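Reading through the structure tokens given below for one structure.
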Amino acid sequence: MSRVSIETTQNVQIDYELATIGDRILAYLIDLFIIIAYLIATTFILLQFSAELSRVRLYYILQTIIQYIPVLFYSLISEIFLNGQTIGKRQRKIKVLCMDGSQPTVSNYLIRWLLRVIDIQISFGAGAIVTMAANGKGQRLGDLAAGTTVVKVKPKIKLEDLRRLFLNPINNYQPVYEQVLMLSDNDIDIIKDMIAKRNKIRDLSIFDSLVNKIKETLNINYQGPPMPFLNTIVKDYNYLANQEN
């Protein structure tokens, strides 16, 4: 499986599985089928009223509004409102993602959409396939210009998994580090995110740096592996914060 290493704004490298060319072609074909079905259905509806509409010259105006505009902007609107997915992409479980791991903005989607003309329409998809195969990061020309790629969508962590990781069901839990409340909710969220993504992070030294930062902030003397320490920090914070509330 081809993968791409994305460095987040927190300087953490995360490996994502790239969407295959086959997945992207199938997603495109699914979207194309939906568009064709939509055009057939709306054409049939418009024809039912063509005689009446033609008398007031509304037929071609309605055809433009009902058919041409939705088809033209289908991929752009879909990716904006479906968080980087069209219906075809959602079916194939792939999505658009920025190369820094962030969610694309409207301008990112707009650049990708504008360059579809070169990538897909003019070259019949050959330009996109050649570019994706050549650069090794799953990027067609539109992706290169927008700073995006298309990756596999991973299953979301279930609520019960989060509870097992981060909550403390034991009422008589004894905190190890009382000073953890010096940390903010945002600090704890970052630690939780790091723990949840530990299997995707290639540079494990980032955990040592995180531990050292926490030890310095809280004036803690700890010697040992980073993961048990980070889990303890999260457990202590959750317990003590709940006690305060």
Side-chain angles (χ1 to χ4, degrees), residues 1-35 73-158 161-162 190 192-207:
M1 294 287 182
S2 297
R3 308 182 77 85
V4 61
S5 182
I6 292 177
E7 185 169 337
T8 70
T9 53
Q10 289 80 33
N11 297 319
V12 177
Q13 284 193 334
I14 301 176
D15 284 347
Y16 287 90
E17 185 179 338
L18 288 173
T20 65
I21 293 177
D23 278 329
R24 294 180 70 167
I25 291 175
L26 286 173
Y28 173 79
L29 291 176
I30 291 170
D31 290 328
L32 183 61
F33 174 81
I34 291 170
I35 289 171
F73 291 97
Y74 167 78
S75 63
L76 176 62
I77 299 300
S78 296
E79 288 181 355
I80 290 174
F81 288 100
L82 296 179
N83 295 318
Q85 294 180 300
T86 59
I87 296 174
K89 286 186 176 72
R90 178 163 290 187
Q91 179 65 30
R92 297 305 305 170
K93 295 181 172 59
I94 60 178
K95 67 175 294 183
V96 180
L97 192 70
C98 283
M99 292 301 294
D100 63 358
S102 63
Q103 187 71 25
T105 62
V106 173
S107 61
N108 294 129
Y109 293 129
L110 181 61
I111 292 171
R112 295 185 80 254
W113 175 75
L114 289 172
L115 289 175
R116 281 173 63 89
V117 176
I118 299 174
D119 280 335
I120 299 173
Q121 271 79 29
I122 293 178
S123 63
F124 298 99
I129 293 172
V130 170
T131 308
M132 285 188 289
N135 65 49
K137 294 183 178 179
Q139 294 174 292
R140 61 177 176 84
L141 184 60
D143 289 311
L144 288 170
T148 59
T149 188
V150 180
V151 299
K152 294 275 191 179
V153 175
K154 297 297 182 183
K156 294 182 179 178
I157 299 175
K158 295 180 181 179
D161 295 331
L162 289 175
I190 292 173
K192 289 179 180 180
D193 188 55
M194 294 281 287
I195 295 172
K197 294 177 179 176
R198 61 189 180 277
N199 293 326
K200 297 180 181 179
I201 297 175
R202 301 170 70 182
D203 184 7
L204 298 181
S205 65
I206 192 71
F207 290 104

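Bear in mind the structure is a predicted one, so any value in this text is a computation, not a measurement.
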Do the non-hydrogen side-chain atoms of Met194 and Ile206 ever get within less than 4.5 Å of each other?
yes

Nearest 0.5 Å please: distance from the CG atom of Leu97 over to the NZ atom of Lys152.
15.0 Å

Work out which heavy atom in Arg112 is nearest to a heavy atom in Ala146; give both atom names and the distance.
CG-CB, 3.7 Å

Can you tell if the side chain of Arg92 reaches within under 4.5 Å of the side chain of Arg24, non-hydrogen atoms only?
no

Point-to-point distance, once rounded to the nearest 0.5 Å, from CZ of Arg116 to CG of Leu76:
9.5 Å

Residue pair Pro104 / Cys98: nearest heavy atoms and the distance that separates them
CA-SG, 3.5 Å

Do you know which two heavy atoms are closest between Ile94 and Ala19, and how far apart they sit?
CG2-CB, 3.5 Å

How many angstroms lie between CD1 in Ile129 and CD1 in Ile120, if you round to the nearest 0.5 Å?
9.5 Å

Side chain to side chain contact (heavy atoms under 4.5 Å, CB included) between Val153 and Gln85, intermediate numbers included:
CA-CA 10 Å; Val153 175; Gln85 294 180 300; 3.8 Å; yes

If you round to the nearest 0.5 Å, how far is CG of Asn83 from NZ of Lys95?
5.5 Å

So which heavy atom on Ser123 is nearest to which on Ala128, and how close?
OG-N, 4.5 Å

Nearest atoms (heavy-atom pairs only) where Leu115 meets Ala145:
CD1-CB, 3.5 Å

Kindly determine whether Lys89 and Val96 satisfy side chain to side chain contact (heavy atoms under 4.5 Å, CB included), including the steps that lead there.
CA-CA 9 Å; Lys89 286 186 176 72; Val96 180; 4.0 Å; yes

Who pairs with Gln91 by side chain to side chain contact (heavy atoms under 4.5 Å, CB included), at least two apart in sequence or on another chain?
Ile30

Using modelled atom types and a 3.5 Å cut-off, is there a donor and acceptor pairing between side-chain atoms of Asp119 and backbone atoms of Gly142?
yes

Indicate whether any N or O donor in one side chain lies under 3.5 Å from an N or O acceptor in the other, for Thr86 and Asp31.
yes

Would you say the side chain of Ile195 lies within less than 4.5 Å of the side chain of Lys192, judging by non-hydrogen atoms?
no

Quick one: pull up CD in Glu79 and CG in Leu110 and give me the separation to the nearest 0.5 Å.
11.0 Å

CD1 of Ile35 to CD1 of Ile87: how many Å apart, nearest 0.5 Å?
9.5 Å

side-chain contact (heavy atoms from CB on, under 4.5 Å) with Met99: of Thr149, Asp143, Thr148, only one passes, and it is Thr149

Kindly write out the residues that satisfy ring pair (Phe, Tyr, Trp, His ring centres under 6.0 Å) with Phe73, not counting sequence neighbours, or none if the list is empty.
Trp113

